[in-house]
Amino acid sequence: MSSDFESYEQDFAVLTAEITGRIGKVPKLVGDEKKQMVANVEKQLEEARELLEQMELEVREIPPQSRGMYSSRMRSYKQEMGKLEADFKRSRIAYSDEVRNELLGDDGNSSESQRAHLLDNTERLERSSRRLEAGYQIAVET
């Protein structure tokens, strides 16, 4: 049973990496390319949600003595999924803000843009740190 869970974990890791890469590209695209990328990201987010559901089912079938470790991993995956969805929403909004500023001729928001990039990078760094800590905990437990 845990091998199925680990397989799902690997699939989830690959999928979230792809989603993160595509989310980063969304604000830079325009027109049909952007619409197509947004549709692809939404589809991948749905796949990730389904993987989480499968992982939850696997955790329920694991014996109670080792269930705690898998439950904590599930919590971290759910948090990561929430962050991905928030990042995706933010990337779509960032694009609409750029278009709005372009139309209104308001390009004096470079400090706001830098602040947004700083916040994005800080969140990405925090996510990476949590992943490293979770990996370290798993290594210590094994």
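Interatomic distance, Y8 OH to M55 CE, rounded to the nearest 0.5 Å: 10.0 Å. Atom CD1 of I62 sits about 7.5 Å away from atom CE of M69, to the nearest 0.5 Å. Taken from CD in E6 to CG in D11, the straight-line distance is 12.0 Å, to the nearest 0.5 Å. Rounded to the nearest 0.5 Å, atoms NE2 (H117) and OG1 (T122) are 12.5 Å apart. A distance of 15.0 Å separates OG in S129 from OH in Y136, rounded to the nearest 0.5 Å. Residue S7 holds its OG atom at 8.5 Å from CG of L51, rounded to the nearest 0.5 Å.
Nearest heavy atom pair, residue L84 against residue I23, reads O-CD1, 3.5 Å. Contact between K28 and G24 at its shortest, heavy atoms only, is NZ-O, 3.5 Å. In plain terms, the two heavy atoms of L52 and M74 that are nearest each other are O-CE, 3.5 Å. Of all the heavy atoms in V59 and R67, the pair that sits closest is O-NE, 3.4 Å.
E56 has its side chain within reach of R60: a pair of non-hydrogen atoms, C-beta onward, lies under 4.5 Å apart. L118 is not listed as a side-chain neighbour of R115, based on a closest heavy-atom distance of 4.5 Å or more. In this structure, the side chains of F88 and I19 stay at 4.5 Å or more apart for every pair of heavy atoms.
Scored by the salt bridge (Lys or Arg N to Asp or Glu O under 4.0 Å) test, R22 finds no partners at all (sequence neighbours excluded). In this structure, E53 has no side chain to side chain donor-acceptor pair (under 3.5 Å) partners at least two apart in sequence or on a different chain. Under the rule for a salt bridge (Lys or Arg N to Asp or Glu O under 4.0 Å), E47 has no partner lying at least two apart in sequence or in another chain.
Ring geometry for F5 against Y70 counts as perpendicular: the plane angle is over 60°, on a 0 to 90° scale with 30° as the lower cut.
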Check against side chain to side chain contact (heavy atoms under 4.5 Å, CB included), Q79 and K83: CA-CA 6 Å; Q79 288 175 345; K83 297 250 189 250; 5.5 Å; no
Pair Q36-E33, side chain to side chain contact (heavy atoms under 4.5 Å, CB included): steps then yes or no: CA-CA 5 Å; Q36 195 172 29; E33 288 179 345; 5.6 Å; no
Criterion side chain to side chain contact (heavy atoms under 4.5 Å, CB included) on D87 and T20, from CA distance to verdict: CA-CA 8 Å; D87 289 346; T20 302; over 6 Å; no
Side chain to side chain contact (heavy atoms under 4.5 Å, CB included) between T16 and M81, intermediate numbers included: CA-CA 8 Å; T16 55; M81 186 68 191; 5.6 Å; no
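We find that R49 and E85 are joined by a salt bridge, their nearest charged nitrogen and carboxylate oxygen being less than 4.0 Å apart. Ion pairing of E141 with R73 is absent here, as no side-chain N (NZ or NE/NH1/NH2) approaches a carboxylate O to less than 4.0 Å. A salt bridge links R90 with D120; the closest basic N to acidic carboxylate O contact falls under 4.0 Å.
Considering R127, R131, R130 in turn, R131 is the only one that fulfils the side chain to side chain donor-acceptor pair (under 3.5 Å) rule with E80.
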